[in-house]
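From a predicted model like this one, the values you see are computed outputs, not experimental measurements.
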Amino acid sequence: MQLMDLLKKRIEEDGTVLPGNVLKVDNFLNHQVDSLLMDKIGAEFARLFKDEKITKVVTVESSGIAPALTTAIHLGVPLIFARKHKSLTLTDNLYTASVYSYTKQVSNDISVDKRFLDANDRILIIDDFLANGQAVKGLLEIAKLANVSVAGIGIVIEKSFQKGHVLIEKSGIRLESLARIASLSDGKVTFVD
């Protein structure tokens, strides 16, 4: 079975549509992680972007880490994740952007230590979901601050009916989404053909 078909099947069988166009897939993607599926997802993103001379994979903690890590492993490059919470060890010399979370209804500052990105880098942004595009927008802002080039954006599940797809399309950056959802109406997942 092809990865795209396998992913769609898992979404249909294991996903739960909640009010407010929320798709809950925490039993295989972003709470409990199906490691074998995640490895296939990373291999697919690595295949799609293999010719892009990527030096680092970048994501936002925490749900993007699993697909970003397997992608980085398959590409043989480091993974950087933007931190949402300040810690005693992460206090200054940071690239920072503000990101609004639709599912949590809060804004967070995300940060990357300046030591880990420089103008010689060519990054690939990976995330578990694309809805309104706020996480990707924040990572693009950090990329701009760091003066790095963005090779592309890889998304495991895209809600194509929300504005994130258009936001990325307008940026001119290559977008590869493994599963594209056209609608979550009436509690049913409908995929883009």
So, taking the atom named [atom1] in [X] and the one named [atom2] in [Y], what distance separates them when rounded to the nearest 0.5 Å?
X: His31; Y: Ser63; atom1: NE2; atom2: OG; value: 10.0 Å
X: Lys144; Y: Leu139; atom1: NZ; atom2: CG; value: 15.0 Å
X: Ile54; Y: Lys56; atom1: CD1; atom2: NZ; value: 13.0 Å
X: Ser62; Y: Phe81; atom1: OG; atom2: CZ; value: 9.0 Å
X: Asp128; Y: Asp26; atom1: CG; atom2: CG; value: 11.5 Å
X: Ser149; Y: Lys53; atom1: OG; atom2: NZ; value: 11.0 Å

Nearest non-hydrogen partners of [X] and [Y], listed with the distance:
X: Leu140; Y: Ile125; result: CD2-CD1, 3.8 Å
X: Val17; Y: Gly187; result: CG2-O, 3.6 Å
X: Ala72; Y: Leu79; result: CB-CB, 4.0 Å
X: Ala151; Y: Glu52; result: CB-CB, 3.8 Å
X: Leu7; Y: Ala179; result: CD2-CB, 3.8 Å
X: Val25; Y: Gly15; result: CG1-CA, 4.0 Å

For [Y], does its backbone N or O pair with a side-chain atom of [X] as donor and acceptor, under 3.5 Å?
X: Asp34; Y: Leu29; answer: no
X: Lys24; Y: Leu18; answer: no
X: Ser171; Y: Ile173; answer: yes
X: Gln134; Y: Tyr100; answer: no
X: Gln162; Y: Ala131; answer: no
X: Lys163; Y: Gly133; answer: no
X: Asp186; Y: Lys188; answer: no
X: Thr190; Y: Ala182; answer: no

Side chain proximity check, [X] to [Y], heavy atoms < 4.5 angstrom:
X: Arg10; Y: Leu37; value: yes
X: Leu94; Y: Lys114; value: no
X: His165; Y: Leu175; value: yes
X: Ile155; Y: Val136; value: yes
X: Lys137; Y: Asn132; value: no
X: Val156; Y: Asp127; value: no
X: Leu117; Y: Ile80; value: yes
X: Ile11; Y: Ile157; value: yes

(message) As a quick check of understanding, evaluate side chain to side chain contact (heavy atoms under 4.5 Å, CB included) for Leu130 and Lys159, giving each step before the final call.
(response) CA-CA 6 Å; Leu130 175 63; Lys159 293 194 244 172; over 6 Å; no

(message) Does Asn108 form a side chain to side chain contact (heavy atoms under 4.5 Å, CB included) with Val106? I'd like the steps, not just the answer.
(response) CA-CA 7 Å; Asn108 287 302; Val106 295; 4.0 Å; yes

(request) Consider only side-chain N and O atoms of Thr55 and Asp121, and report whether a donor and an acceptor are under 3.5 Å apart. (result) yes

(message) Under a 3.5 Å threshold, yes or no: a donor from one side chain and an acceptor from the other, between Ser98 and Ser107?
(response) no

Is it the case that one hydrophobic cluster holds both [X] and [Y], taking links as side-chain heavy atoms less than 4.5 Å apart, direct or via other members?
X: Phe191; Y: Met4; value: yes
X: Phe116; Y: Val148; value: yes
X: Leu167; Y: Val60; value: no
X: Val189; Y: Val192; value: no

Do the side chains of [X] and [Y] get close enough for a salt bridge, i.e. N-O under 4.0 angstrom?
X: Glu44; Y: Arg47; value: yes
X: Glu176; Y: Arg174; value: yes
X: Arg180; Y: Glu158; value: yes
X: Asp113; Y: Arg115; value: yes

(request) Please name the residue in the list Leu124, Thr71, Val57, Ile153 that meets the side chain to side chain contact (heavy atoms under 4.5 Å, CB included) test with Phe49. (result) Leu124

(request) Give me the one residue out of Leu178, Thr70, Leu75 that meets side chain to side chain contact (heavy atoms under 4.5 Å, CB included) with Phe45. (result) Leu178

(request) Decide yes or no on side chain to side chain contact (heavy atoms under 4.5 Å, CB included) for Val33 and Phe28, but give the supporting numbers first. (result) CA-CA 5 Å; Val33 176; Phe28 71 91; over 6 Å; no

